[in-house]
Amino acid sequence: MSNTVPAAPPRATPLSGEAIRLMNYVDDVSTTLRRVLALAPTLTVDERKRLLDYLKNSSPNADTVLEALSVK
């Protein structure tokens with residue numbers, strides 16, 4: 001049995017108000033996407049295709065944001 005005290009885990013840097021606000025926006029987007037997923041089965045094939053094209057061509061899109069947030 002060891003008599004050493006385990007090291008405390010490193011403290012996380014507190015988030016700024018702006019970072020917290022942006023995380024709340026991400027939560028809002030996730031909620032919206034869940035609604036899209038829930039309602040997509042109620043659409044016709046043509047409506048789903050048009051929504052797909054609309055989402056693909058939206059700008060900025062999730063891929064653009066992920067790229068901008070990537071730590072380089």
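Nothing fancy with the numbering, it's 1 onward along the sequence.
- Through direct or relayed side-chain contacts under 4.5 Å between Ile, Leu, Val, Met, Phe, Trp and Tyr, V26 connects to no other residue.
- Pairs of residues two or more places apart, or lying in two chains, that qualify as salt bridge (Lys or Arg N to Asp or Glu O under 4.0 Å) and include a residue from residues 12-25 are E18-R21.
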Extract all donor-acceptor atom pairs below 3.5 Å that involve side chains of residues 32-45 and protein atoms in other chains or at least two apart in sequence.
unit_1	atom_1	unit_2	atom_2	d
T32	OG1	D28	O	3.0
R34	NH2	T31	OG1	3.1
T42	OG1	L39	O	2.5
T44	OG1	E47	N	3.1
T44	OG1	E47	OE1	3.4

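- Annotation: side chain to side chain donor-acceptor pair (under 3.5 Å) contacts of E67 (sequence neighbours excluded): none.
- Within the hydrophobic cluster formed by Ile, Leu, Val, Met, Phe, Trp and Tyr side chains joined at under 4.5 Å, directly or through other members, V71 stands alone, with no partner residue.
- Taking Ile, Leu, Val, Met, Phe, Trp and Tyr as hydrophobic and joining them when side-chain heavy atoms fall under 4.5 Å apart, one finds L22 in a cluster with Y25.
- The other members of the hydrophobic cluster of I20, by chain and number, are L15, M23 (side-chain heavy atoms under 4.5 Å, ILVMFWY only).
- Around atom CZ of R48, more than 12 heavy atoms belonging to other residues, nucleotides or ligands sit under 6.0 Å away.
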For a quick test of your reading: what N or O donor-acceptor pairs under 3.5 Å do the side chains of residues 52-59 make, sequence neighbours left out?
unit_1	atom_1	unit_2	atom_2	d
D53	OD2	K49	NZ	2.9
N57	ND2	D53	O	2.9
S58	OG	L55	O	2.8

